[in-house]
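One structure below.
Chain letters run A, B, ... following the sequence lines, proteins first and then strands; every chain starts at 1.
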Amino acid sequence: MTRAEWDAIIRAHDRRLLAHLVARGVRIDLAKELAQEAWAKLIEQERDGQLRDLQMPGLILRQATFLALDAARRQRWETSAEGAPERADVAPGIDDVLASRSELARMRTAFARASAAEQRIFLALYEQPQLTCAQVAAGLGLSEQRVKQVAYEVRKRLRAALVEES
Amino acid sequence: MIEVHSSVEQLGGYFRGLLDDATSATVEEHCAACPACAARLRDEARVELSLLELVEGGAAAPSLPVPPRRVRPQRALAWAGAGLVLAAAATFVLVANRHPPVVATAPPAMISKDVPSSSAASSAGVDPVSPTEMQVTLAEGATARLRLPGITAFHVDGSGVVTPLFRGDDVILAGDAAGSERIVFQTEAGVTTVCRVTVTVAGGREPAHSPPASETCARCGLADLESFHVQKAGVVSVLFSGDVVTVEAHRAGRSAVTFVSHTGEVASYVFDVSPAAPQPPSPQPPR
């Protein structure tokens with residue numbers, strides 16, 4: 001796999017990887033380090049012929065979760081003599097992370113209430129994570145500011161739908 | 001020094017790249033030092049994952065009928081990549097609702113040596129039909145948990161929705177709707193097995209259960225292993241409870257395995273692998 005192909009994969013999944021780690025309690029600066037290390041390991045494994053196929057984003061999420069768990073354990077062992085250490089909750093219930101069906105249903109309902117234009121912009125942004133906001137805006141023929149404005153607004157409504165009753 | 005917390009918009013826009021580079025850097029720097037904003041960023045990360053799931057699951061079709069959710073991911077623990085080949089410890093443990101785990105059954109293609117007897121399976125209402133099929137009978141309203149230790153990754157393809165799961169995840173089978181789910185298992189060794197689980201609802205019959213299987217390591221005697229690691233050829237691979245190390249007879253060499261239990265006990269073993277000399281051809285039986 002070429003460097004350019006790897007760059008494209010990383011662009012498409014790196015932000016999700018960061019969200020995955022941070023949602024599990026990994027501090028953002030450490031999450032960035034872990035993400036970088038996870039990608040480096042994956043590239044190395046692929047170069048050594050250890051990977052039969054690249055199933056993304058599952059593969060990189062598992063690699064990073066493993067590294068995060070390893071780091072949390074190492075920290076716990078190293079600081080065990082100094083009392084209870086802070087540890088990242090890298091292995092929480094997946095219920096904490098994945099929206100339940102009812103939550104998703106509420107979000108779908110909220111999304112359906114958005115205008116067609118808002119839906120189109122929001123989907124264009126989230127269905128193409130490898131693109132920057134400016135690139136998505138250019139593709140839609142809109143200003144970057146307009147795309148951001150819609151993204152913030154729709155996200156705010158979906159977030160409200162997600163947290164209601166929970 | 002004036003402390004300026006990150007705004008909701010900044011935290012919300014961080015993961016999708018709605019912020020410019022300078023603001024992103026400011027958010028990262030602040031959240032690394034401010035526990036309150038770090039917690040808010042964590043919440044936004046969860047929201048972001050939900051948004052991705054919404055979009056990937058078909059946000060544009062909100063009017064479609066939502067099929068009953070009978071299988072859902074319950075818990076994500078860890079994936080342990082290892083230099084050694086990890087065998088699929090295809091011990092399926094079926095945990096009835098609020099009961100100790102009971103042993104279910106597994107596709108024979110993935111059975112390892114330490115698979116417990118499947119006798120308890122039938123008592124739990126689980127019946128092997130074929131190597132790739134399983135039947136689960138549940139009381140109405142009851143739930144059961146399909147535990148798959150040793151599987152590095154699998155996904156459930158139910159009701160047209162594919163849910164990727166990882167090592168340590170459980171599959172919840174609910175006795176509120178009969179039907180079948182297709183589960184695709186992937187092991188570290190690259191083995192892929194497809195199994196169809198069919199749930200039958202039997203009114204009023206509670207799933208039976210048996211005592212939980214012991215989790216004491218047969219080699220080191222440590223109970224409730226938390227993790228262990230294997231050192232081989234200078235490479236240390238960290239593994240977790242439920243992983244299995246397979247020693248390949250065709251590769252000679254020395255490996256060291258260190259076990260650590262939840263109570264902090266540590267035990268180490270060094271073992272040498274020597275391929276056996278080629279066996280002479282067995283004599284022909286007398287006619």
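- Residue contact with chain A, scored on non-hydrogen atoms closer than 4.5 Å, involves the backbone and the side chain of B/E44 alike.
- More than 12 heavy atoms of other residues, nucleotides or ligands sit less than 6.0 Å from atom CD of A/Q135.
- B/L51 is not listed as a side-chain neighbour of A/R159, based on a closest heavy-atom distance of 4.5 Å or more.
- Heavy atoms of other residues, nucleotides or ligands lying less than 6.0 angstrom from CG of A/D48 number more than 12.
- The CG atom of B/D20 lies 11.0 Å from the SG atom of A/C133; values are rounded to the nearest 0.5 Å.
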Please list every donor-acceptor pair under 3.5 Å in which a side-chain atom of residues 140-154 of chain A meets a protein atom from a residue at least two apart or in another chain.
unit_1 : atom_1 : unit_2 : atom_2 : d
A/S143 : OG     : A/R146 : N      : 3.0
A/E144 : OE2    : A/K148 : NZ     : 3.4
A/K148 : NZ     : B/L18  : O      : 3.1
A/E153 : OE2    : A/R157 : NE     : 3.4

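- Heavy atoms of A/K32 lying under 4.5 Å from chain B belong exclusively to its side chain.
- Considering only heavy atoms from C-beta on, A/R108 comes within 4.5 Å of B/L54 through its side chain.
- With values rounded to the nearest 0.5 angstrom, B/L52 atom CG is found 12.5 Å from A/H20 atom NE2.
- In this structure, the side chains of B/C31 and A/R27 stay at 4.5 Å or more apart for every pair of heavy atoms.
- Closest heavy-atom contact between B/Y14 and A/R15: O-NH1, 2.9 Å.
- Looking only at side-chain heavy atoms (C-beta outward), B/R16 and A/V136 come within less than 4.5 Å of each other.
- A donor-acceptor pair is defined here as one N or O able to donate and one able to accept, closer than 3.5 Å; such a pair exists between the side chain of B/R42 and the backbone of A/A23.
- Heavy-atom distances place both the backbone and the side chain of A/L18 under 4.5 Å from chain B.
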| message | side chain to side chain contact (heavy atoms under 4.5 Å, CB included), that's the test. Do B/V47 and A/R155 meet it? Break it down for me. | response | CA-CA 9 Å; B/V47 172; A/R155 191 184 197 282; 3.9 Å; yes
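- Taking CD1 from A/I28 and CZ from B/F15, the interatomic distance works out to 5.0 Å, rounded to the nearest 0.5 Å.
- Ranked by non-hydrogen atom pairs under 4.5 Å with chain B, the options A/D29, A/L125, A/D14 are led by A/L125.
- Closest approach of A/A19 and B/A45 over heavy atoms only: O-CB, 3.4 Å.
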